[in-house]
Amino acid sequence: MRITMIGAGYVGLVSGACFSDFGHDVTCVDLDQKKIERLERGQIPIYEPGLETLVAENAKAGRLSFTTDLASAVSGADVVFIAVGTPSRRGDGHADLSFVHAAAADIAKALDGFTVIVTKSTVPVGTGDDVERIIAQTRPDADFVVVSNPEFLREGAAIEDFKRPDRIVVGLEDQRARPVMEEVYRPLYLNQSPLMFTGRRTAELIKYAANGFLAMKITFINEMADLCEKAGGDVQAVARGIGLDNRIGSKFLNAGPGYGGSCFPKDTLALVKTGQDFDAPLRLIETTVAVNDHRKRAMGRKVISACGGDVRGKTIGILGLTFKPNTDDMRDAPSIAIIQALRDAGAIVRAYDPEGMEAAKTVLEGVQYAKDAYDAANGADCLVLVTEWNQFRSLDLKRVKQAMTAPVLVDLRNVYRRHEVEAAGLSYVSVGRAQDV
Ligand code: NAD
């Protein structure tokens with residue numbers, strides 16, 4: 001199969017590399033010339049475990065190549081995936097489809113022979129119809145089918161997720177695409193990953209329903225954490241107590257500073273807008289969005305209160321900036337709102353992240369960057385664990401205490417236990433754990 005991937009970002013690059021690893025002949029296209037030049041030199045523009053090796057091996061085998069020339073990459077392809085960004089539209093929170101629409105128009109001009117065009121980007125219900133219309137208007141003679149194939153990979157575990165998905169969802173209206181998509185995913189299909197065929201609109205809705213539900217689950221346990229703190233409970237035990245019930249499941253029940261990242265914030269917002277447009281409001285998701293927005297700044301206030309109610313002129317050390325470990329992605333990371341709240345209150349912020357500091361510099365102002373966790377603790381009046389990178393899980397707490405001006409640890413990921421932190425001479429604040437754990 002000759003596959004062309006439009007957009008070589010977190011999803012496009014991982015999917016393209018994995019498809020080439022399945023044995024397909026893949027060309028990744030991106031508008032960003034610098035990104036393509038780096039990829040051609042074997043440099044990976046993002047941090048994703050295992051990706052560098054996967055790209056290098058498949059590029060060397062001649063199955064994976066990179067270009068900015070969309071037309072030549074599309075004209076020879078059997079399948080063209082659209083994996084461009086769909087950020088929130090400024091002002092109203094709808095998904096901004098301008099990149100998808102532009103890609104569709106560019107693809108249309110270059111089509112040659114029967115081609116299956118697949119939207120992998122997360123797009124609101126009905127976008128497949130738009131893509132089909134744009135292509136048909138641009139090239140009335142083109143022979144093509146538009147399919148929806150949403151992606152469910154998680155950054156930080158993207159390759160494993162792509163190669164061992166819980167399911168593959170393929171939404172189509174024209175059965176000619178079915179054998180083509182079966183062939184694209186054959187290695188996974190043989191591996192018994194369920195390949196689920198639905199209508200195109202249903203597939204588009206499945207992606208938003210999944211992200212909406214997961215965001216709601218996180219938000220639920222976060223509110224339970226607040227109740228545990230006030231009523232005297234331990235949210236981790238509550239999470240385990242409900243998670244062992246198979247109807248609920250144990251995943252996505254870790255209380256923390258609120259969800260962030262490149263998907264949940266924008267996708268929940270877009271789902272709310274879609275519901276309103278169709279006069280079918282999704283009130284649970286509306287509330288999820290509101291509760292989560294409030295929570296991120298509330299975490300800043302939690303730190304301030306751990307510092308005695310005033311942080312003006314105080315130094316706050318921050319451990320972890322990315323929205324989760326094992327990525328360099330800073331999009332909508334909770335650290336941004338937390339740091340903003342601390343800076344608004346007059347704090348000096350000193351942060352360290354293993355992979356996210358370059359990206360952080362483009363979205364955070366006035367932050368000092370440390371060279372490691374102990375350097376972030378150096379001279380700090382409070383140390384806040386925001387992202388649970390592995391290297392923050394087993395800190396030498398005595399060394400941390402010695403480095404700090406005032407020994408306060410705020411653990412927003414519940415990585416530590418109170419007694420071990422207090423034994424090292426630090427005071428300890430965590431999330432949703434009123435009881436001594
Ligand atoms: P990204 O911003 O990392 O990558 C998008 C890339 O597309 C960029 O490199 C950009 O230069 C390129 N691009 C934009 N318009 C183009 C065009 N016309 N031609 C060629 N290249 C073009 O975004 P991402 O995180 O990979 O997300 C892509 C889509 O996948 C989004 O819809 C997102 O919601 C969805 N998604 C993301 C994840 C994730 O974990 N990041 C998971 C599942 C789904």
Side-chain angles (χ1 to χ4, degrees), residues 4-18 27-39 44-49 51 66-74 77 80-89 94-110 117-124 127-128 131 134-135 148-162 165-166 168-169 203-204 206-208 210-212 214-215 259-271 322-324 326-333 359 362:
T4 292
M5 187 66 63
I6 312 290
Y10 287 86
V11 164
L13 188 54
V14 170
S15 311
C18 289
T27 308
C28 291
V29 182
D30 205 290
L31 289 175
D32 184 339
Q33 193 155 354
K34 282 208 186 98
K35 201 177 253 189
I36 294 299
E37 280 167 8
R38 290 184 65 183
L39 285 164
I44 305 299
I46 55 171
Y47 176 75
E48 180 61 48
L51 189 56
F66 305 98
T67 182
T68 52
D69 182 1
L70 184 144
S72 68
V74 167
V80 178
F81 281 87
I82 301 176
V84 301
T86 49
S88 272
R89 194 161 68 190
H94 276 282
D96 177 353
L97 293 174
S98 54
F99 299 108
V100 173
H101 291 166
D106 288 344
I107 291 166
K109 287 177 218 144
I117 296 153
V118 189
T119 21
K120 199 162 240 334
S121 299
T122 302
V123 292
T127 304
V131 170
I134 290 167
I135 295 174
S148 165
N149 170 221
E151 181 51 56
F152 298 96
L153 64 77
R154 297 163 300 168
E155 286 173 21
I159 294 170
E160 178 66 15
D161 282 354
F162 194 90
D166 291 338
I168 301 151
V169 174
E204 291 167 338
I206 286 171
K207 175 66 192 175
Y208 281 96
N211 278 1
L214 293 171
Y259 63 78
S262 60
C263 292
F264 286 178
K266 76 173 176 66
D267 292 347
T268 45
L269 209 52
L271 181 56
T322 52
F323 79 100
K324 66 169 170 179
N326 292 326
T327 182
D328 59 348
D329 199 339
M330 279 296 297
R331 288 177 283 185
D332 265 317
T362 64

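Start at 1 and go down the list; that is how both ligands and their atoms are numbered. Hydrogens, waters and symmetry mates are skipped; everything else that's a heavy atom, side chains included, is used. Since the model is a prediction, treat every value here as computed from it, not as a measurement.
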Q. Between Thr268 and Pro265, is there a donor-acceptor pair closer than 3.5 Å when you use the side chain of the first and the backbone of the second?
A. yes
(Q) Keeping Thr4 on the side-chain end and Ala73 on the backbone end, is there a donor-acceptor pair under 3.5 Å? (A) yes
**Q.** Protein contact to atom 34 (O) of ligand 1 [nearest heavy atom, distance to 0.1 Å]
**A.** Lys266 NZ, 2.6 Å
Q | ligand 1 atoms in contact with Gly85 (distance to a heavy atom under 4.0 Å) | A | 5 (C)
Q.
Which residue and atom name correspond to the protein heavy atom nearest atom 28 (C) of ligand 1, and how close is it?
A. Val84 O, 3.4 Å
Q) Does Asp69 offer a backbone N or O that forms a donor-acceptor pair with the side chain of Thr67 under 3.5 Å? A) yes
Q. Side chain or backbone of Ala83 under 4.0 Å from ligand 1, or both, or neither, by non-hydrogen atoms?
A. backbone
Q) With only distance considered, is Tyr10 within less than 3.5 Å of ligand 1 through an N or O on each side? A) yes
(Q) Quick test: of every protein heavy atom, which one is nearest to atom 23 (O) of ligand 1, and how far off is it to 0.1 Å? (A) Arg331 NH1, 3.6 Å
Q: Locate the shortest heavy-atom distance separating Asp30 from Ala8; write the atom from each residue and the value.
A: OD2-N, 2.7 Å
Q) Which ligand 1 atoms, with their elements, are less than 4.0 angstrom from a heavy-atom of Glu151? A) 43 (C), 44 (C)
Q) With only distance considered, is Asp267 within less than 3.5 Å of ligand 1 through an N or O on each side? A) no
Q) Between Ser98 and Asp96, is any side-chain donor less than 3.5 angstrom from a side-chain acceptor? A) yes
Q) Polar-atom distance check: Asp329 versus ligand 1, any N or O pair below 3.5 Å? A) no
Q.
How close do Ala270 and Tyr208 get, counting heavy atoms only, and between which atoms?
A. CB-CE2, 3.8 Å
Q | Residue part near ligand 1, for Arg154, under 4.0 Å between non-hydrogen atoms | A | neither
Q: Identify the protein heavy atom lying closest to atom 7 (O) of ligand 1, giving its residue, its atom name and the separation to 0.1 Å.
A: Gly7 CA, 3.4 Å
Q) Which residue and non-hydrogen atom of the protein lie closest to atom 42 (C) of ligand 1, and at what distance in Å? A) Leu153 O, 3.5 Å
(Q) Give me the residue, atom name and distance of the protein heavy atom closest to atom 12 (C) of ligand 1. (A) Asp30 OD2, 3.3 Å
Q | Atoms in ligand 1 flagged as close to Lys35, the criterion being non-hydrogen separation under 4.0 Å | A | 8 (C), 9 (O)
Q: Check the pair Lys109, Leu70 against side-chain contact (heavy atoms from CB on, under 4.5 Å), reporting the backbone distance first and the verdict last.
A: CA-CA 10 Å; Lys109 287 177 218 144; Leu70 184 144; over 6 Å; no
Q | N or O pair under 3.5 Å between Asp32 and ligand 1 | A | no
**Q.** Donor-acceptor pair, side chain of Ser262 and main chain of Arg331, under 3.5 angstrom
**A.** no
Q) Of all the non-hydrogen atoms in the protein, which one sits nearest to atom 36 (N) of ligand 1, and at what distance? A) Val11 CG2, 3.5 Å
Q) When only distance counts, is Glu155 in polar contact with ligand 1, meaning an N/O pair under 3.5 Å? A) yes
(Q) Please find the pair of heavy atoms, one from Ala359 and one from Asp328, that lie closest to each other, and give the distance. (A) CB-O, 3.6 Å
Q | Contact atoms of ligand 1, heavy-atom distance to Lys207 under 4.0 Å | A | 43 (C)
Q.
List ligand 1 atoms under 4.0 Å from Thr86, heavy atoms only on the residue side.
A. 31 (C), 32 (O), 34 (O)
**Q.** Atoms of ligand 1 close to Ile6 [distance to a heavy atom under 4.0 angstrom, numbered from 1]
**A.** 19 (N), 20 (C)
Q.
Using a 4.0 Å heavy-atom cut-off, which part of Ser262 comes near ligand 1: side chain, backbone, both, or neither?
A. side chain
Q. Quick check: does any side chain N or O of Glu155 sit under 3.5 Å from a backbone N or O of Tyr10, one acting as donor and the other as acceptor?
A. no
Q: Among all protein heavy atoms, pick the one closest to atom 35 (C) of ligand 1 and tell me residue, atom and distance.
A: Thr122 OG1, 3.4 Å
Q: Using a 4.0 Å heavy-atom cut-off, say whether Lys34 meets ligand 1 through its side chain, its backbone, both or neither.
A: neither
Q | Single hit among Ile6, Ile82, Val11, Val84 for side-chain contact (heavy atoms from CB on, under 4.5 Å) with Lys120 | A | Val11
(Q) Using every non-hydrogen atom in the two residues, find where Glu48 and Ala157 come nearest and quote the distance to one decimal. (A) OE2-N, 3.3 Å
